[in-house]
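What follows is a short report on a single structure.
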Amino acid sequence: MADYSKEEIKRIEEKWQQRWREQQVYKTKTDPSKPKYYVLDMFPYPSGAGLHVGHPLGYISTDIVARFKRIKGFNVLHPMGYDAFGLPAEQYAIEHGVHPAISTANNIEVFRNQLDRIGFCYDWSREVRTCDPKYYKWTQWIFLQLFDSWFDRSKQKAERIKDLISIFEKEGNINHRLPNPPTGRTGPKSKIQNFGPSEWKKLSEREKEEILMEYRLAYLAYTDVNWCEALGTVLANDEVINGLSYRGGHPVVKKQMRQWSLRITEYAERLLKGLNEVDFSESMKDIQRNWIGRSEGAKIDFKIKSEKSTVSSMTVFTTRPDTIFGVDFMVVAPEHEMVKEITAAGHQKEVGEYLRYVESRSEVDRMAEVKKITGAFTGAYAVNPFNNREVPIWISEYVLAGYGTGAIMGVPCGDDRDHRFAKHFSIPITNIIGEHYNGEEANPTYDATLSNSDFLDGIKMKDAMQVVIEKLVALGIGEKQVNYKMRDAGWSRQRYWGEPFPVVFKDDMPYAMEEKELPLELPDTNEFKSSGSGEGPLANLKEWINIGPNEKRDSNTMPTHAGAAWYFLRYMDPHNEKEFASREALDYWNQVDVYVGGSEHAVAHLLYARLWIKVLHDLGYLNFDEPFKKLINQGKITGDSRFVYRIRGTHKFVSHGIKDQYETDALHVDVNIVDGFELDTEEFKKWKPDFENAEFILEDGKYICGSAIEKMSKSYFNVINPDKIIESYGADTLRMYEMFLGPIEQSKPWNTSGIDGVYKFFRKLWNLMHDASGEINISDEAPSKDELKVLHKTIKKVEQDINNFSFNTSVSEFMICVNELSSLKCNKRQILEPLVIALSPFAPHITEELWEKLGHKESILNAMYPMVEEKYLVESSYEYPISINGKVRAKMNFALDMPKEDMQKLVLASDTVQKWTEGKDPKKVIIVPGKIVNVVL
RNA sequence: GCCAAAGUGGCGGAAUUGGUAGACGCGCACGACUCAAAAUCGUGUUCCUUCGGGAGUGAGGGUUCGAUUCCCUCCUUUGGUACCA
């Protein structure tokens, strides 16, 4: 009757997918009687290209885990949704006039169909779309929580703004000074820095708001944006590559705009420490640590000697206070506000010219010439506090205004950049590290013993650090300081297709909208081009923007990170209209137990999500402050492209091996008309009208294509659609094969050459349970010891592999199992039933079918994962490899509980050992129980 | 430049509290079935070999009875980051 044929596979998969849908078997409920498990995929951006075989790689792994945990007795939350706001839909709208809402909905439809065909067990009743007003109402609401909070440094947590106001009323800001101004920010800011309670009370409403803005976790400030004149728009950092726009390659310049930012820098330390609590790969943690960029050092005040006395001192940040006596000059960032104050009359011209030069430099120039040494002397001097030595103050663009204090002390013998600077401008170099400095290049060692260093002479640099810091503190001219590279997160986008900011500007100051007014819906429009002045498309909608005399909305929208920063909470309670999720659901589902997605989101998405969860936790909405317990980064599946070589100016195509004899152009050719490397020349002629009259120069009668591993992309014609694989092999084979390809975290090219092996595995399993005529054929006989051993060995290993996310080896275990059962000709129910259950997470369709054939009425999802019975696995004896001087020469079987002395005697008496030792007594015999016996001569 | 990960047959890859390297799959070779081919099934498959054995996990060194696994130096590849003091 039924063979495991293409037709049968199709019938089985359609049958079960339909049944799952009808019976809603994947619907999940909050059920405190069961332990919970939350398995999450990074939700996709629904692009127009649909799914390719690379997308499901991570989804298959989570699907296996979700199904596995479910049959292990967990209540599993395994949802899916769409990161539906974003630039491509907007770009598509500009080019084709299709509203982003429509194209996005269409794309989601395509995605959903493709996902369903792979047999995923998502609870679709919990689907979220970030562009749905019912969803982004809460994105806006959380944004307002950030707006309404500040970071209390003494408690290291977020608090409400109203608490800050009452602190100000009682004691001013003496205990809560202004946070460091956001790096890179130069625009106007609150003029009042420090104040007492009476001063606070005297301030106007507006002045109070300005000060509060300096504390809010979501705040408005003038910050640099990447302005692209040619595109008439602002670009995100990742849309700028080497100073040029990602689309079109136009020059990009910095431009100041008043924008929203998130004060993520206040959370730098907690974001860093939190990494110790979560199970992310070390390299992932390193990338985040790197990004946060913590560095310990000191800030040191230097007195200034200049013509004008308006500025009497400057502060530098250094990680090497131990090198204080090696300071030969100071460098200040050109943008630093003290520059014009200290510049001597005689140096005005030189400094002015240099400032103009710096201003003229575009990002591209700076990127291209990082090693170029430039600078100007201000004519002012700084005084070393320890030896009163006067050193010149320079300005140079290698010192960044946005990091530390925007000023450094130059120690040429210890720092490479300082050294090159000193050499270039002929500044004399002081050597404080003796022979460690060769006069040619700087040596950033920590190991040298200091000399020329006054009270530090003879002290190791490592130890001098502490000595200097103590002295600085004692003198009141410096202290220990920690700096972070991380910047506050720019949160405004000059775009249409995103969440509007839920604020109203009155007199240019933003005020939060009330919760009952949310969501602030994105207005409908047909005009998606930016307004040209650097504002987003919403600025064109005057009626929407201007809501009253002197009352305006924000024309910007939030970045896509906003919706993605908390979506995993919404899945817990997706239809709640009163809260972003109920406390009950949040407490029950809690952290995401395992989160799977691409490493391209390692920095931005993960940091923002971690930030939002920490803030919500601080404000009392959550009882956990890290969202993801475990993170797996699945590798990308790359495409394996094929090329044909056209002889220039002709329609002749030459085979790869002989192409060098001609002048040719390589053209991508659709991988679907190439068999391995051999081109189907007839199909090629039909592929595109241009090639209708193609002629071929063959080698050995074949046209051989060239190849390259590239990103899977439509334009390279190397995209493999999963539907195509499902068409010929079925979803179960696709799933198993993608898992079998290699470790989930590794990137690899797609290659179908091994897929037959997986298909054969299913057929063998099928044949095990069916007779020659295709009828189910199961025996109720009691299984043998061998059969039980094979089964239990397999389920034990597979269980371990799933827990380790090592799916490629679990597929191998199943193959070994079926091979062994085939050679035992085992068709016994007591073996095959547990095996089918264990296989069900990997191959849900065929296992449901077999499960039904085994006489079960309920879905296999309700089965229990088989218990491993160790008694079938324990061995009483073991065949020991006998190695002589490290080389295995023989094998001998011993009971595992045999005393070592007895084993040693038997080993030494054996023929093989006698032969190799030639009668001599060995030096020693090492016996590792259950492992190996080694005889050392 | 800096940080991290990786380097194993013809190919994808297995094996690490140090214990028989190459599991499993692909490919290839041979055999069975067939008039024949395909499909299927079975056997073999790291390399060299005078058939005793020898070499072998990027290269070189070290620790060890024993190293793919630990340590040092170097090479290559991939990812991250970059004038961050």
Side-chain angles (χ1 to χ4, degrees), chain A residues 183 281-291 293-295 297 316-320 323 330-331 333 366-367 369-374 396-400 402-411 414-418 420-421 444 483-487 599-600 602-603 633 635-636 676 736-737 740-743 745-761 763-764 767 797 806 808-819 822-823 879-891 922-937:
Chain A
T183 50
S281 72
E282 269 315 304
S283 66
M284 193 53 47
K285 289 184 183 179
D286 271 324
I287 291 172
Q288 291 208 14
R289 287 191 191 112
N290 229 314
W291 185 264
R294 184 182 201 275
S295 57
V316 300
F317 171 72
T318 177
T319 52
R320 298 300 300 271
T323 62
M330 308 293 263
V331 189
R366 284 194 66 153
M367 298 275 209
E369 316 170 316
V370 277
K371 293 280 181 255
K372 193 169 165 186
I373 300 160
T374 61
S396 174
E397 60 177 342
Y398 87 89
V399 173
L400 306 174
Y403 183 76
T405 60
I408 62 149
M409 56 185 218
V411 183
D415 184 283
D416 185 43
R417 293 155 306 181
D418 296 346
R420 279 187 278 114
F421 192 82
N483 260 329
Y484 302 92
K485 264 194 273 189
M486 185 166 63
R487 313 285 155 104
S599 56
E600 65 272 25
V603 176
N633 287 111
K636 277 194 260 304
M736 280 285 254
Y737 182 61
F740 184 65
L741 269 175
E745 306 195 67
Q746 195 171 299
S747 289
K748 54 230 155 195
W750 178 256
N751 168 358
T752 47
S753 69
I755 200 166
D756 273 329
V758 172
Y759 175 67
K760 278 186 209 164
F761 157 79
R763 202 172 45 206
K764 276 186 205 165
N767 290 342
K797 284 197 168 173
S806 175
N808 54 331
T809 49
S810 40
V811 175
S812 293
E813 290 305 328
F814 281 119
M815 287 178 170
I816 294 167
C817 180
V818 166
N819 282 347
S822 293
S823 54
E879 194 177 34
Y880 282 88
I882 311 296
S883 92
I884 295 164
N885 277 349
K887 279 257 176 249
V888 174
R889 300 296 180 185
K891 283 180 186 175
K923 278 201 196 113
K924 53 180 160 175
V925 178
I926 295 151
I927 298 172
V928 186
K931 299 255 168 141
I932 198 164
V933 178
N934 197 6
V935 180
V936 187
L937 298 180

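Residue numbers begin at 1 in each chain, while the letters A, B, ... track the order of the sequences. Just so you know, these numbers use all the heavy atoms, side chains as well, and skip hydrogens, waters and symmetry mates. It should be emphasised that the depicted structure is a prediction, and the values quoted were computed from it without experimental measurement.
Base orientation at G12(B) is anti, since its O4'-C1' glycosidic dihedral falls outside 90° of 0.
Taking the side chain of Phe317(A) as heavy atoms from C-beta on, and the options U81(B), G19(B), A85(B), the nearest nucleotide is A85(B). Among the nucleotides C24(B), C65(B), U20(B), the one closest to the side chain of Phe740(A) is C24(B).
If you take CD of Glu813(A) and P of G25(B), they are 11 Å apart, rounded to a whole angstrom. At whole-Å resolution of the value, CD1 in Ile755(A) and C1' in G25(B) are 12 Å apart.
Panel note: side chain Ser599(A), backbone Asn633(A); no donor-acceptor pair is recorded below 3.5 Å. In this structure, the side chain of Ser883(A) does not engage the main chain of Val888(A) through any donor-acceptor pair within 3.5 Å. Listed for the Ser281(A) side chain is a donor-acceptor partner under 3.5 Å among the backbone atoms of Met284(A). Of the possible donor and acceptor atoms, one in the side chain of Tyr880(A) sits under 3.5 Å from a partner among the backbone N and O of Gly930(A). Between the side chain of Arg420(A) and the backbone N or O of Asp418(A), no donor-acceptor pair lies under 3.5 Å.
For Asp286(A), the side chain to side chain contact (heavy atoms under 4.5 Å, CB included) criterion is met by Arg289(A), not counting sequence neighbours.
Taking the six-membered ring where tryptophan is involved, the planes of Phe317(A) and Tyr403(A) are perpendicular, since the angle between them exceeds 60° and thus also 30°.
Consecutive Watson-Crick or G-U pairs involving RNA chain B, each under 3.5 Å on both distances, make up stems of three or more pairs at B:1-7 with B:75-81, B:10-12 with B:24-26, B:27-32 with B:40-45, B:46-48 with B:53-55, B:58-62 with B:70-74.
Distances shorter than 4.0 Å separate none of the side-chain N or O atoms of Arg289(A) from OP1 or OP2 on G80(B). Between C65(B) and Lys924(A), a contact under 4.0 Å exists linking OP1 or OP2 to a side-chain N or O. Contact between the side-chain N/O atoms of Thr809(A) and the OP1/OP2 oxygens of A23(B) is not found at any separation under 4.0 Å. Phosphate proximity of G13(B) to Gln746(A): present, with a side-chain N or O under 4.0 Å from OP1 or OP2. Using a 4.0 Å cut-off, some side-chain N or O of Lys760(A) falls inside it from OP1 or OP2 of C26(B). Between Asn808(A) and the phosphate of A14(B), there is a side-chain N or O to OP1/OP2 separation shorter than 4.0 Å. At U20(B), none of the side-chain N or O atoms of Tyr880(A) fall inside 4.0 Å of OP1 or OP2 (strictly under the cut-off).
For U68(B) and G9(B), the C1' atoms lie 14 Å apart once the distance is rounded to whole Å. Annotation: A36(B) and C51(B) have their C1' atoms spaced 40 Å apart (nearest Å).
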Under 3.5 Å, which N/O atoms of the protein pair with N/O atoms of nucleotides 43-54 of chain B?
unit_1 : atom_1 : unit_2    : atom_2 : d
G54(B) : OP2    : Arg889(A) : NH1    : 3.3

Candidate pair Trp750(A) and Tyr737(A), rule ring-ring contact (aromatic ring centres under 6.0 Å, His included), full reasoning: CA-CA 11 Å; Trp750(A) 178 256; Tyr737(A) 182 61; 5.7 Å; yes

